[in-house]
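The structure appears below as structure tokens.
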Amino acid sequence: MVYQGSEHAGCQFSFACDGAMARIPARAAWLRAARAAGMALAGYVYAPVGLATHYHTYAVTPAWNRSMVMTDVVGAHFFHRWKGYWGTSAAFTQRYAGGEPLPGPHMMVQPITPSTPTPQMIAAATAAAVTVSAPSAPVVVADAKHAYAKTTAAVAADMLPPESQILDRWKDSGKPLK
């Protein structure tokens, strides 16, 4: 989950794709994190978070958070559990078996482009070919420029990034938690 999206243009967590994994961590911090991970994998949980399986920071509002039960807020993080059976302790009966993937971003996905078109591809392209006929009336340059301006404005509007998921009250916070 940490490396989700890294095969494309970004990751769920910035450290997973920004080169931070290549740096040598501070020994004390690494040992502390390893102890915490070992305890979690052995079944110990931070009681207020309890059965949470999902979390996010206050800076985002993921679409899934409304379909889950919030268990707690710790610092800048909201913790959620599943509704129903999957959000109960009975759903957590299996022991950890190990087998974590190696840490690191996924390999980049390259689009598949055949070097030589197959006969089927040529036939499909030929069948789909569109013939353009000459205009029946002459095109006035001023009209063409006006029509072009309208189409580029529509295309530019479509290419805007998606609306931010950061809540307005947090957009300018920028203060680290203590």
Side-chain angles (χ1 to χ4, degrees), residues 1-115 154-178:
M1 194 272 306
V2 171
Y3 301 103
Q4 206 169 32
S6 64
E7 65 275 12
H8 299 292
C11 288
Q12 287 280 351
F13 297 89
S14 59
F15 78 87
C17 294
D18 68 0
M21 296 292 289
R23 293 191 288 274
I24 297 173
R27 183 162 177 74
W30 183 260
L31 291 173
R32 180 175 178 229
R35 275 194 309 275
M39 289 174 60
L41 293 172
Y44 295 96
V45 297
Y46 178 58
V49 172
L51 300 170
T53 54
H54 293 65
Y55 73 97
H56 62 91
T57 70
Y58 61 78
V60 297
T61 306
W64 50 258
N65 79 336
R66 287 175 184 77
S67 64
M68 303 188 90
V69 178
M70 185 182 294
T71 60
D72 199 14
V73 178
V74 179
H77 295 88
F78 296 130
F79 291 83
H80 304 269
R81 67 172 173 80
W82 293 105
K83 290 180 181 177
Y85 171 79
W86 293 110
T88 68
S89 58
F92 294 91
T93 57
Q94 293 181 337
R95 298 188 71 68
Y96 174 67
E100 294 296 313
L102 292 174
H106 298 226
M107 292 183 61
M108 294 299 289
V109 174
Q110 298 297 327
I112 300 171
T113 53
S115 56
V155 169
D158 290 344
M159 295 173 65
L160 292 175
E163 192 172 319
S164 173
Q165 288 187 316
I166 298 174
L167 300 174
D168 287 339
R169 65 177 174 249
W170 304 114
K171 280 187 179 172
D172 298 319
S173 61
K175 295 179 183 173
L177 297 173
K178 294 183 181 185

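Each residue takes its place number in the sequence, starting with 1. What you are looking at is a predicted structure, and each value in this text was computed from that prediction instead of being measured.
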Practice problem: Go through the steps to decide whether Thr61 and His56 satisfy the test side chain to side chain contact (heavy atoms under 4.5 Å, CB included), and finish with yes or no. | Solution: CA-CA 8 Å; Thr61 306; His56 62 91; 5.7 Å; no

Quiz item: Taking atom CH2 of Trp82 and atom CE of Met68, what is their separation to the nearest 0.5 Å?
Solution: 4.5 Å

Quiz item: Quick one: OG1 on Thr53 to CZ on Arg81, what's the gap to the nearest 0.5 Å?
Solution: 9.5 Å

Quiz prompt | Flag if over 12 foreign heavy atoms under 6.0 Å of CE, Met70 | solution = yes

Self-check item: Side chain Thr71, main chain Phe79, donor-acceptor under 3.5 Å
Solution: yes

Minimum-distance pair of heavy atoms, taken over all atoms of [X] and [Y]:
| X | Y | result |
| --- | --- | --- |
| Asp72 | Pro48 | OD2-CB, 2.8 Å |
| Phe78 | Tyr58 | CE1-CA, 3.7 Å |
| Ser89 | Leu51 | N-CD1, 3.5 Å |
| Ala90 | Tyr85 | O-OH, 3.1 Å |

Exercise. Taking the side chain as every heavy atom from C-beta outward, state whether Tyr46 and Val74 have any pair of such atoms under 4.5 Å apart.
Key: yes

